[in-house]
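Please read the structure below before turning to the comments.
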There are 4 protein chains.
Amino acid sequence: MGGTMDDTRQRRRGDTRRRIQDVALELFAEQGYEKTSLREIAERLDVTKAALYYHFKTKEEILVSIFEDLTQPIEDLVEWGRRQPHTLETKQEIVRRYADTLTQAAPLFRFMHENQATVRDLRIGESFKARIHTLREIIVDPDADLIDQVRCASAIYTLHAGMFLLQDVGDDPEERNKAVLEVATDLVTQAHRGAGGS
Amino acid sequence: MGGTMDDTRQRRRGDTRRRIQDVALELFAEQGYEKTSLREIAERLDVTKAALYYHFKTKEEILVSIFEDLTQPIEDLVEWGRRQPHTLETKQEIVRRYADTLTQAAPLFRFMHENQATVRDLRIGESFKARIHTLREIIVDPDADLIDQVRCASAIYTLHAGMFLLQDVGDDPEERNKAVLEVATDLVTQAHRGAGGS
Amino acid sequence: MGGTMDDTRQRRRGDTRRRIQDVALELFAEQGYEKTSLREIAERLDVTKAALYYHFKTKEEILVSIFEDLTQPIEDLVEWGRRQPHTLETKQEIVRRYADTLTQAAPLFRFMHENQATVRDLRIGESFKARIHTLREIIVDPDADLIDQVRCASAIYTLHAGMFLLQDVGDDPEERNKAVLEVATDLVTQAHRGAGGS
Amino acid sequence: MGGTMDDTRQRRRGDTRRRIQDVALELFAEQGYEKTSLREIAERLDVTKAALYYHFKTKEEILVSIFEDLTQPIEDLVEWGRRQPHTLETKQEIVRRYADTLTQAAPLFRFMHENQATVRDLRIGESFKARIHTLREIIVDPDADLIDQVRCASAIYTLHAGMFLLQDVGDDPEERNKAVLEVATDLVTQAHRGAGGS
DNA sequence: AATGAATGAGGTTTCATTCAT
DNA sequence: AATGAATGAAACCTCATTCAT
């Protein structure tokens with residue numbers, strides 16, 4: 001054999017689309033969506049801007065595609081939660097799994113968190129908000145005390161904050177994540193009790 | 001009486017700077033910093049772009065000036081907190097006052113919250129972060145249990161979230177604010193107990 | 001005695017016009033005419049741009065006024081030369097005096113030299129060129145050999161170059177100026193001989 | 001044969017970069033660097049301003065690229081001179097070749113000459129100055145009499161002046177150039193003798 | 001004698017996007 | 001699967017100038 005094409009190129013063959021997504025997400029998360037230009041993405045990948053347009057119709061579509069690819073776990077979680085009994089254990093499990101998901105796709109969620117003004121009028125904005133909303137509804141039923149609803153929202157939001165805002169708290173990331181999870185679980189537990197859960 | 005100069009102009013004399021800040025903040029909060037152009041601000045005020053540059057050296061300076069003007073209450077709060085004994089009552093009072101401040105300058109804080117990626121590398125980013133950090137330090141001492149530190153951070157972020165993310169929870173904003181405040185106070189109280197407070 | 005006005009201001013009273021010229025020339029010479037803005041001049045003087053317009057009608061007028069004030073010696077020299085017999089001594093004397101003038105008003109001539117493209121279509125351009133031309137005509141008569149005409153032109157430009165381009169030649173400025181003057185005188189002398197001077 | 005694409009476009013394909021340089025140099029030389037806007041260049045070429053930025057990163061880069069392309073002959077000349085024995089003949093040859101180079105790329109050197117204030121703080125300023133300096137060092141050794149060094153500088157400067165400042169001397173450009181070259185050669189010859197050359 | 005406020009024109013630069021090849 | 005060349009719109013910003021006070 002002995003093709004003339006060098007290995008790097010060979011390995012890259014066909015996964016340019018994925019590489020675009022990776023680099024784009026990295027830059028979006030680091031600098032924000034508006035401040036990341038297609039030129040920058042293209043340069044990092046050592047391709048031309050036009051190449052990006054072979055794989056995606058617009059800049060927004062790059063983001064949408066990333067979102068859709070990485071967000072499946074949350075969709076699954078929502079689906080799973082919907083079919084469970086609304087016991088305390090379920091709720092705690094959801095918090096645990098949600099924390100997991102956030103960790104798994106940290107850059108995306110960091111991006112969503114830090115670019116809310118931008119995301120708001122992108123196509124994905126509404127859909128993301130809806131998903132979080134559903135999650136909340138599962139954890140606390142909409143007829144519960146206002147204060148317990150707030151507790152649940154706060155639990156979710158604490159998980160987000162744990163990912164992105166608490167990087168100066170504590171030394172060991174693992175320990176911190178555990179602490180964050182515990183606080184969130186606590187909040188949900190209190191909400192459950194308040195709402196008359198057993 | 002009845003000079004020849006029309007009233008609108010007269011009233012505007014001398015407060016253009018303030019009007020620029022007002023309109024700018026409104027638009028920044030609504031659309032985000034990057035997506036708001038100076039053209040837009042100028043058009044709303046019915047002045048030329050160059051007029052903006054008479055009052056502010058750069059676009060960023062407009063934001064900085066808003067930030068500095070509206071953020072004084074937090075500085076005061078930090079200062080006040082620093083001089084109080086670290087009792088539970090102090091902590092609760094701080095939470096209460098902080099909630100108040102957020103409400104007072106809601107558009108600015110909404111902006112800060114939704115444009116973190118942008119704010120991060122603006123001049124104000126670090127300074128804001130530092131202030132929040134100090135606030136946290138007053139509420140819980142940095143040697144406390146990790147979990148209590150997280151609780152305090154969570155309390156602060158709950159207040160933020162209350163402002164901006166919970167608009168679909170409950171019907172009455174007043175009631176919701178009360179609930180948010182209660183949850184935050186709760187978290188701080190728990191943290192205080194955990195940290196060995198009386 | 002015992003005025004409330006501080007000395008600096010007092011002393012400045014009435015000579016703002018001159019101070020504007022001084023600062024303007026300094027900046028024009030240093031950075032070029034186009035790259036020096038009225039804002040910059042005003043800031044250095046600690047007055048507003050509008051103040052400049054009290055003293056001068058336009059930016060160009062500032063330059064014109066400087067030119068007219070500092071250029072009198074050349075006008076005088078031309079006038080003087082016109083009335084002298086065209087002997088070698090006269091020519092040498094003109095070179096000497098011209099060198100002197102250049103040194104006296106170095107910043108202006110440096111400016112003229114380094115901003116020819118700009119000066120060309122300012123009002124002063126033609127008038128300056130005409131003066132240099134007359135000077136040349138006195139030194140060599142227009143019917144002389146082409147080569148001697150060039151020698152004379154070269155003499156004059158050597159003086160210019162001496163001011164501005166030879167700053168890396170030799171150590172002692174005084175010595176250098178003497179050398180420059182000697183070369184120029186030489187050229188004129190050769191031209192005079194060639195043209196059949198006695 | 002006889003494609004549908006019109007000839008003009010076809011001929012332009014691939015040489016836009018060159019055409020930008022040509023038009024830019026023409027305008028820079030005619031009006032000066034600062035007074036020439038990218039809009040003007042683009043309009044003359046019947047392309048958009050953005051097209052210029054496809055080919056060059058900044059306005060300055062357009063100039064730099066022109067400079068680098070047209071200035072090679074001087075670099076070559078310096079290189080050549082460096083390897084020759086420092087005889088009178090070599091020096092005269094250098095003057096001759098330098099005059100040639102100036103004629104070849106007259107617009108560029110006219111530009112450099114008339115925009116010194118501008119060029120000074122552009123990237124090319126230092127590099128140009130260094131080259132002229134080296135040229136001078138070859139013609140006269142730096143330890144020679146000050147007066148001979150001045151003579152050499154004057155020779156070089158006479159060549160420049162011949163290009164741009166003597167357009168009103170004599171009728172026939174060819175004749176004038178010959179005269180200029182002779183004066184410059186003379187100066188170098190005198191300098192050589194003075195420096196103790198054979 | 002000078003300021004404060006503003007303008008209109010225009011500057012350089014960047015961006016997302018297109019399309020023939 | 002990707003490039004080279006270009007565009008149209010718009011961004012931020014600066015400038016010389018004006019004028020009522």
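Order of the sequence lines fixes the chain letters, A, B, ..., with proteins taken first and strands second; residue numbering starts at 1 for each chain.
You'll find the side chain of C:Met112 reaches within 4.5 Å of the side chain of C:Ile124, heavy atoms only. Within the 4.5 Å cutoff, the side chain of B:Tyr33 has no heavy atoms near those of the B:Ile62 side chain. Residues B:Ile41 and B:Phe28 form a side-chain contact, since some pair of their non-hydrogen atoms from C-beta on lies under 4.5 Å apart.
Residue D:Tyr53 has a polar side-chain atom (N or O) positioned under 4.0 Å from OP1 or OP2 of E:dT13.
In the set E:dT13, E:dA6, E:dA2, the nucleotide with an atom closest to the side chain of C:Thr16 is E:dA2. Considering only the side chain of B:Ala50, E:dT7 comes nearest among E:dT7, F:dA6, F:dT7.
Two residues, D:Lys49 and B:Lys49, neighbour DNA chain F, and the one matched to the more 5' nucleotide by heavy-atom proximity is D:Lys49.
Going from atom CD of C:Glu43 over to atom C1' of F:dT14 covers 12 Å, rounded to whole Å. Put simply, OH on A:Tyr54 is 18 Å from P on E:dT21, counting in whole angstrom units. At whole-Å resolution of the value, NE2 in C:His55 and C1' in E:dT3 are 12 Å apart. The separation between D:Leu52 atom CG and E:dG11 atom P is 13 Å, rounded to whole Å. A straight line from CD1 of D:Ile41 to P of E:dG10 spans 17 Å, rounded to a whole angstrom. Separating the CG atom of A:Leu45 from the P atom of F:dT3 is a distance of 10 Å, rounded to the nearest angstrom.
Pairs passing the salt bridge (charged side-chain N to carboxylate O under 4.0 Å, His left out) check and including a residue from residues 105-124 of chain B, sequence neighbours excluded, read A:Lys35-B:Asp121, A:Glu114-B:Arg120, A:Arg120-B:Glu114, B:Arg110-B:Glu114. Within the structure, every pair that satisfies the side chain to side chain donor-acceptor pair (under 3.5 Å) test and touches residues 47-68 of chain B, not counting sequence neighbours, is listed here: B:Gln21-B:Ser65.
Of the residues A:Thr16, A:Asp22, A:Ile20, the one that meets the side-chain contact (heavy atoms from CB on, under 4.5 Å) test with A:Arg18 is A:Asp22.
Remark: nothing in residues 22-40 of chain C comes within less than 4.0 Å of DNA chain E through any heavy atom. Sorted by residue number, the members of residues 57-65 of chain B with any non-hydrogen atom under 4.0 Å from DNA chain F read B:Thr58, B:Lys59.
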Kindly indicate, with the supporting measurements, whether the criterion side chain to side chain contact (heavy atoms under 4.5 Å, CB included) is fulfilled by A:Phe111 and A:Asn115. CA-CA 6 Å; A:Phe111 168 79; A:Asn115 291 267; 3.2 Å; yes
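B:Gln31 pairs by the side chain to side chain donor-acceptor pair (under 3.5 Å) definition with B:Thr36, B:Glu40, not counting sequence neighbours.
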Under a 3.5 Å cutoff on both atom distances, Watson-Crick or G-U, what's the dot-bracket for DNA chain F ([ ] crossing, | other strand)? .||||||||||||||||||||
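A perpendicular orientation is assigned to the rings of D:Phe67 and D:Phe128, their planes being inclined by more than 60° (bins at 30° and 60°).
Nearest heavy-atom pair across B:Ala29 and B:Pro107 is CB-O, 3.8 Å. Summarising the geometry of C:Leu108 relative to C:Ile66, their closest heavy-atom pair is CD1-CG2, 4.2 Å, with the distance given to 0.1 Å.
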